[in-house]
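A short write-up of the structure that comes next.
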Amino acid sequence: MTNAVLLGVQWGDEGKGKIVDLLTERADAVVRFQGGHNAGHTLVINGVKTVLHLIPSGAMRNGIECLIGNGVVTDLLHLLTEISGLEERDVEIRNRLMISLGCPLILPYHVVLDRVRDEARGKSAIGTTGRGIGPCYEDKVARRGVRAVDLVDERVFASKLEQVMEYHNFMISNYYRSDPVDYRKTLDAMLEARESILPMIGDVSARLNRLCRTGKSVIFEGAQGMMLDIDHGTYPYVTSSNTVSAAAAAGSGVGPQDIGTVLGVVKAYATRVGSGPFPTELTDRVGEHLAKQGHEFGATTGRPRRCGWLDIVALRRAVQVCGITSLCITKLDVLDGLETVQLCVGYEYQGSRVDLPPYGAEGLEQCIPVYENMQGWNDSTAGLRHFSEIPGQARAYLDRISDLLQLPITIISTGAGRDDTIVLKHPLESS
Ligand code: GDP
Ligand code: IMO
Ligand code: MG
């Protein structure tokens, strides 16, 4: 058995979906373990684009089991739409999709709360995806959430929903001065969804343990990125879950020994959607160039992504917290044609040079990047499939990243397509 966790180690949108899809050629199952449909994972196969939000990125390969672990906040109405979207394209998914009994359910009042809360923050709004992710995790931790298991008995579901909605509608009407959410309508919509959903609900933890004990290979698919982690990211400008590798075990129901190797997916530069500190952000023409070349628009909300140079300081934290064992560098082609590429190798922070980012947004906002300049390359790397074809300067850039982080680069992505990839070592290959 070989398993692997694949994580984004910046602010999301590193190209995780593309890489998970590619790696499933050797896997038996893919499991999501945190986040929800705030994620937008793009797969391009034979020129056809698919964006997955909640369904694991194993969906496009027949026979791959797709599991949604207990750590994922699940909007069942959205899930059914995503399933129908795949079915319209003749991708059969229902008989290989399992949703954990432990998944907290995102309900319409979470979406309202997400909106009114972020609006109430005014200038310091997080800029969430507005999908109810944070409020659903709050309910989970407050022990008042409704979970997939509650759907098994209609009466249990109706009663739990009524209680929690009474509480939230009070807050929505009286504190946020917004319109309450109709209980009856919510219940009816959920009970209608229940019929289609129940056959897909199951014990994901038991299934995974069985797969692991019978020599099957599992990919744990991270969503968001390490710098959006609720504890280790740029708090409070983060998502509401742990995005680090250790979350793969807790969020799916396996022991830490089963999560396998940890592949960190790094975009060759940096992007961020929403608010929050971003030390290497470029607001000049180079930033515009990266956004244009990289088509940097959010796959979930369509918002323009902020762009900047690669931040080794932030990556150092990610390497430490996630125990990353190898790196995958994506979107190398987007840097083609630049005269100079810059790497942030340290920060000036409160009069000293630091090698790791301070915790929290306030500290990070004070950090000034220290750059190393490297010569760019003119030859195109777009679509390259052999390492030997990579131009010397691009190779020097990759080598420098590998040196600074003391990790091997085992995968290089040179285009959005599944095959525009150089795999030097497959993470599911035993060493
Ligand atoms: P994810 O959330 O990490 O799965 O990433 P997204 O799908 O949100 O964003 C990555 C975007 O970059 C998508 O539009 C991908 O199709 C695209 N992409 C992925 N890898 C590459 C690459 O190597 N080169 C280029 N040019 N585009 C890529
Ligand atoms: P993938 O999996 C990029 C960002 C939002 C916002 C913050 C909190 O595609 O990489 P939330 O709705 O989670 O409460 O929003 O997190 N965010 C992402 N940014 N990629 C994502 O997912 C993201 N998911 C959430 O923009 O700043
Ligand atoms: Mg994305």
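Start at 1 and go down the list; that is how both ligands and their atoms are numbered.
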**Q.** Ligand-residue contact atoms, ligand 2 with A39, heavy atoms, under 4.0 Å
**A.** 1 (P), 2 (O), 9 (O), 22 (O)

Q.
If you compare all heavy atoms of F220 against all heavy atoms of S252, which two are closest, and at what distance to 0.1 Å?
A. CE2-OG, 3.4 Å

Q) Using the ring of each side chain (for Trp, its six-membered ring), is F278 parallel, tilted or perpendicular to W11, with breaks at 30° and 60°? A) tilted

(Q) So, regarding G15 and ligand 1 (criterion: nitrogen or oxygen to nitrogen or oxygen, under 3.5 Å), is there a contact or not? (A) yes

Q) Out of R143, R144, R117, which one pairs with E138 under the salt bridge (Lys or Arg N to Asp or Glu O under 4.0 Å) rule? A) R117

Q) Has Y176 got more than 12 heavy atoms of other residues, nucleotides or ligands less than 6.0 Å from its OH? A) yes

Q. By number and element, which atoms of ligand 2 are closer than 4.0 Å to a non-hydrogen atom of D13?
A. 1 (P), 3 (C), 9 (O), 10 (O), 20 (N)

**Q.** Protein heavy-atom partner closest to atom 16 (O) of ligand 1 - residue, atom, separation in Å
**A.** A416 CB, 3.4 Å

Q: Taking only heavy atoms of K16 into account, list the atoms of ligand 2 that are under 4.0 Å away from them.
A: 1 (P), 2 (O), 10 (O)

Q. Only one of L107, I172, D179, N169 clears side chain to side chain contact (heavy atoms under 4.5 Å, CB included) with V112; which?
A. I172

Q. Short N/O distance, under 3.5 Å, between G17 and ligand 1?
A. yes

Q.
Below a 4.0 angstrom heavy-atom separation, can you tell me which part of H41, side chain or backbone, both or neither, approaches ligand 1?
A. both

**Q.** Protein residue, atom and distance nearest to atom 24 (N) of ligand 1, heavy-atom basis
**A.** D333 OD1, 2.8 Å

**Q.** Protein heavy-atom partner closest to atom 15 (O) of ligand 2 - residue, atom, separation in Å
**A.** T128 CA, 3.4 Å

Q) Does some side-chain heavy atom of V44 sit less than 4.5 Å from a side-chain heavy atom of D21? A) no

Q) So which of Q342, Q293, E296 actually passes side chain to side chain donor-acceptor pair (under 3.5 Å) with Y269? A) E296

Q: Give the single entry among K331, Q293, R418 that approaches atom 11 (C) of ligand 1 most closely by any heavy atom.
A: K331

Q | Closest protein heavy atom (residue, atom, distance) for atom 6 (C) of ligand 2 | A | G127 O, 3.2 Å

**Q.** Closest approach of any protein heavy atom to atom 25 (C) of ligand 2, naming residue and atom
**A.** Q224 CG, 3.7 Å

Q. Heavy-atom count around N46 CG within 6.0 Å, excluding the residue itself: above 12?
A. no

Q | Any N/O pair E14/ligand 2 closer than 3.5 Å | A | no

Q: Within a distance under 4.0 Å of any heavy atom of W11, pick out the atoms of ligand 2 and give their elements.
A: 3 (C), 19 (N)

Q. Closest non-hydrogen protein atom to atom 10 (C) of ligand 1, residue and atom name please, with distance?
A. D13 O, 3.8 Å

Q. By number and element, which atoms of ligand 1 are closer than 4.0 Å to a non-hydrogen atom of K18?
A. 20 (N)

Q. Hey, what's the ring geometry for Y397 with W377, parallel, tilted or perpendicular (30° and 60° as the breaks)?
A. tilted

Q) With the Mg ion (ligand 3) at the center, what angle do O from G40 and OD1 from D13 span, rounded to 10 degrees? A) 170°

Q. Quick one: which of T300, T42, D336 has a heavy atom closest to atom 13 (C) of ligand 1?
A. T42

Q | Test: R395 cationic atom under 6.0 Å from F387 six-membered ring centre, within 45° of axis | A | yes

(Q) Run the ring-ring contact (aromatic ring centres under 6.0 Å, His included) test on H53 and H41 for me, step by step, so that the C-alpha distance in whole Å, both residues' side-chain angles and the decisive distance to 0.1 Å come before the verdict. (A) CA-CA 6 Å; H53 297 282; H41 297 173; 8.4 Å; no

**Q.** Structural part of R303 in contact with ligand 2, heavy atom criterion under 4.0 angstrom
**A.** side chain

Q: Could you pull out the closest heavy-atom pair between E221 and V20, with the gap in Å?
A: CG-CG2, 3.8 Å

Q: List the atom of G58, the atom of C66, and the distance in Å for their closest heavy-atom pair.
A: C-SG, 3.7 Å

(Q) Can you tell me which portion of R305 lies within the under-4.0 Å heavy-atom range of ligand 1? Options are side chain, backbone, both, or neither. (A) side chain

Q: May I ask you to check if ligand 1 and G415 share an N or O to N or O distance below 3.5 Å?
A: yes

Q.
What protein heavy atom lies closest to atom 6 (P) of ligand 1? Include the residue and the distance to one decimal.
A. G40 O, 3.5 Å

Q.
Quick test: of every protein heavy atom, which one is nearest to atom 8 (C) of ligand 2, and how far off is it to 0.1 Å?
A. V238 O, 3.4 Å

Q: For G274, take its heavy atoms, then give the atoms of ligand 2 lying under 4.0 Å from any of them.
A: 27 (O)

Q. Looking only at distance, does T239 have an N or O less than 3.5 Å from an N or O of ligand 2?
A. yes

Q.
Counting only nitrogen or oxygen atoms and a 3.5 angstrom limit, does G12 reach ligand 1?
A. no

Q. Going by distance alone, is a donor N or O of one side chain under 3.5 Å from an acceptor N or O of the other, for D311 and Y347?
A. yes

Q. Judging by distance only, is a nitrogen or oxygen of D114 under 3.5 angstrom from one on ligand 2?
A. no

(Q) With the threshold set at under 4.0 angstrom, would you say E14 reaches ligand 1 through any of its heavy atoms? (A) yes

Q.
If you compare all heavy atoms of P408 against all heavy atoms of S402, which two are closest, and at what distance to 0.1 Å?
A. CA-OG, 4.1 Å

Q: Note the single closest protein heavy atom to atom 12 (O) of ligand 2, along with its residue, its atom name and the distance in Å.
A: T129 OG1, 2.6 Å

Q. So, Q34 and N242: side-chain donor and acceptor under 3.5 Å apart, yes or no?
A. no

**Q.** Over all atoms of both residues, closest heavy-atom pair of N3 and V218
**A.** OD1-N, 2.8 Å

Q | Nitrogen or oxygen of S413 less than 3.5 angstrom from that of ligand 1 | A | yes

**Q.** Numbered atoms of ligand 2 (with element) below 4.0 Å of G40, judged on heavy atoms
**A.** 1 (P), 9 (O)

**Q.** Per-atom contacts of ligand 2 with A223, taking only distances under 4.0 Å to non-hydrogen atoms
**A.** 2 (O)

Q: Could you tell me whether V265 approaches ligand 1 through its side chain, its backbone, both or neither, with non-hydrogen atoms closer than 4.0 Å?
A: neither

Q.
At less than 4.0 angstrom from any non-hydrogen atom of L228, what atoms of ligand 2 do you find?
A. 4 (C), 16 (O), 17 (N), 18 (C), 19 (N)

**Q.** Closest approach of any protein heavy atom to atom 27 (O) of ligand 2, naming residue and atom
**A.** V273 O, 3.1 Å

Q) Heavy atoms, side chains only, cut-off 4.5 Å: are R303 and T129 in contact? A) yes

Q: Give me the one residue out of R305, K267, R272 that meets side chain to side chain donor-acceptor pair (under 3.5 Å) with D13.
A: R305

